[in-house]
Protein chains: 4
Amino acid sequence: MRPKDETKREAILQSAMVLINTYGLAHTSISKIAKEAGVSPATIYIYFANKEDLLTTLYVEVRREMAGAILDSIDESLEVVDAFRLLWENLLAYYLAYPDHFVFAEQFHNAPIVDSVDPAEVDTHFEPYVRLIERGQTQGQLKNIPANLINAFVFYPLTELAKHHVKEGTPMEDDELEAAFDCAWDAIRA
Amino acid sequence: MRPKDETKREAILQSAMVLINTYGLAHTSISKIAKEAGVSPATIYIYFANKEDLLTTLYVEVRREMAGAILDSIDESLEVVDAFRLLWENLLAYYLAYPDHFVFAEQFHNAPIVDSVDPAEVDTHFEPYVRLIERGQTQGQLKNIPANLINAFVFYPLTELAKHHVKEGTPMEDDELEAAFDCAWDAIRA
Amino acid sequence: MRPKDETKREAILQSAMVLINTYGLAHTSISKIAKEAGVSPATIYIYFANKEDLLTTLYVEVRREMAGAILDSIDESLEVVDAFRLLWENLLAYYLAYPDHFVFAEQFHNAPIVDSVDPAEVDTHFEPYVRLIERGQTQGQLKNIPANLINAFVFYPLTELAKHHVKEGTPMEDDELEAAFDCAWDAIRA
Amino acid sequence: MRPKDETKREAILQSAMVLINTYGLAHTSISKIAKEAGVSPATIYIYFANKEDLLTTLYVEVRREMAGAILDSIDESLEVVDAFRLLWENLLAYYLAYPDHFVFAEQFHNAPIVDSVDPAEVDTHFEPYVRLIERGQTQGQLKNIPANLINAFVFYPLTELAKHHVKEGTPMEDDELEAAFDCAWDAIRA
DNA sequence: GATGAATGAGCGTTCATTCAT
DNA sequence: AATGAATGAACGCTCATTCAT
């Protein structure tokens, strides 16, 4: 049977994310999530098979949303550098709108539990990004290096910057964003 | 009276790190650490005030060791680019020798518990690195951008690469290292 | 959902009282209470916030029951001496029926934990007794002394006698009861 | 071998009493007593066989001191009523000087652990008191009732009054003492 | 005699999960 | 679908006691 109340499901996921960001995976229990979401602990088991399922589902959905927000406006007609630039700005806009998503994704990504997520489930959504890199390399605009290296100089530095500003509660200034993009682009351009 | 057994303290810290890397902060309990270390749970409380103290102590010590291994051979007589290059190689050597340290530090760094560590306790040990950046900027070899930006393009990408290879169990090839350094240097050089 | 099982709550309170009377406050743990009551330790926390809440609740309920049993039949139409005599007999009957209550109340009353009970919660139920003393003093049948002094010569001696007989397992003979009442009345009468 | 440092033994007993009066038997551990007394937990086991031995020893010594302070000045040349009056004043003086002793003795006396004390060890010291009662009864000044009844109207009421004033931190006024003695004497005199 | 180190057992409490309604 | 009741297992931590010096 299909669950009735979609808002309840969302409340559970959202509460889990907030608690995990605030107190950590280790101190976030089902009953606390239930209380925060305003439902019974038992209700959570109607929407998710168990705690791990809840957490990994949350991670996959967050990653999917992030990928969509960042990549949806990227298309093959754009110059590679402009595509990267757009991607960069999308990422920034997203982090401003949903800082929680970044913080959660980073925590989860660095915990062993991430291994219980099928990488394909996440990777699929980043497919346009992979194609962008391939195009940049074929066209000679990007260094001819493994994709994960490109990754390491595009996503992680910005993610790190974003996290830093979220934590400090300070906004990211335009010129810092500009400088950061220059660094990233210098790092990977041919 | 019996003197404190320093090897016991080390066994506790080491066991904690291994378990946290394997099962995560959330699934690493005092009694599991004790069992892994071959001591009684009560013994842990002779060496550490409580679980948080144990974890933060572990983090600070790991960071200190990392800083030492990476920075000790850096001195002011080196050209800036050579200093960065040396630092890069030190980092790689360290990660090959102590991959656990990287994995643990990343997990801890991305969990909320990191906020209970006094940043100064960690930052002090990276002071030589900060001075290196300043020198590079005064001498015009580095971009004139905030230190945390430089950071974001030097440490995090390599850390990320290192983590990736640790997880996959694959070695990092010389040419990948070379390519990665080129990216990093291109990112930050003036 | 399942409704709360009131018999379970009672079993917990009763088990706590029995164990405390037998082994003392210091040696009565939640898990022992749970075992004695035939429930899980966790179940106790459905009915009580924590151990202290369980103990103080037990004390207040015991005191309330004692007050009811002793004072309910006292009314203002009785002569003061007859009222005291009736109270005396009620007390005796109650101690014969529920010796555990006396023993527990005394142990609790003499332990520092009693300070965490709001005195008002207990005192309210002894209000008729306070009024009886006031009446006896206004009518000139009782000595004009503070209420706690009257108390000290009415309740505590009998309580002590009752405890003594409970402990020894001997019954209180009619003539001892008679003699005891005479002492008490001689102590407080004008 | 005889323990060397008598002050250490006293410090342990005194610390135990203070902690038990403040936090209760249930929350007073050997290691807390040791810390309060400024010794090692292991040292306590040089002076006492185990925790129970420490506690019962403390109780017996407190009772002995109380008996001595109260009864030493009583001798057979005194009129019975004067003897009771003197005893009364001694008791008051003692409670003013050592309120802790009263509070501890009452707590211990009402806990099941008291059963592990040989009553004879305590009763011996109250022998003069028992003889006083016998004399009073033979001479016809006291009611002809069991000794424990006399007890119940002499010691417990005053003890209760004393405890009350200790807890409230208020002094006992002369006239209250006077009134209390009158009550007690009226209770037991022939 | 005196100590701090060391411990297995137990503490009060919360956990993830299931049950009964 | 949704709930609060219920639980055995596990949590972080402290216990009374002993060990090694």
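Naming: A, B, ... by sequence-line order, numbering from 1 per chain.
Atom-to-atom, CG of D:Leu19 to P of F:dC15 comes out at 11 Å; the value is rounded to the nearest Å. One interatomic measurement links the two molecules: OH of C:Tyr23 to P of E:dG10, which rounds to 14 Å at whole-angstrom precision. Nucleotide E:dC11 holds its C1' atom 17 Å from the CG atom of D:Leu25, rounded to whole Å. Rounded to an integer number of Å, the gap from CD1 of C:Ile33 to C1' of E:dT13 is 13 Å. The separation between A:Glu52 atom CD and E:dC15 atom P is 18 Å, rounded to whole Å. Atom CD of A:Glu6 and atom P of F:dA2 are 11 Å apart (whole Å). Remark: P of F:dA5 and CD1 of C:Ile12 are 12 Å apart, rounded to the nearest angstrom.
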- With B for base contact, S for sugar-phosphate-only contact and - for none (protein heavy atoms under 4.0 Å), nucleotides 6-12 of chain F reads BBB--SS

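Taken from CD1 in A:Ile33 to CG in A:Leu19, the straight-line distance is 6.5 Å, to the nearest 0.5 Å.
Counting only distance, with no hydrogens or angles, the side chain of A:Lys51 and the backbone of A:Ser29 share no donor-acceptor pair below 3.5 Å. Distance alone, capped at 3.5 Å, is enough to place a donor-acceptor pair between the D:Asn21 side chain and the D:Asp100 backbone. The backbone N or O of D:Ile20 lies less than 3.5 Å from a partner atom in the side chain of D:Gln107, making a donor-acceptor pair. For A:Tyr47 (side chain) and A:Asp5 (main-chain N/O), a donor-acceptor pair under 3.5 Å exists by modelled atom type.
Here the two rings, on D:Phe102 and D:Tyr98, have centers that are 6.0 Å apart or farther.
Nucleotide F:dA20: paired with E:dT3 (Watson-Crick or G-U wobble, both distances less than 3.5 Å).
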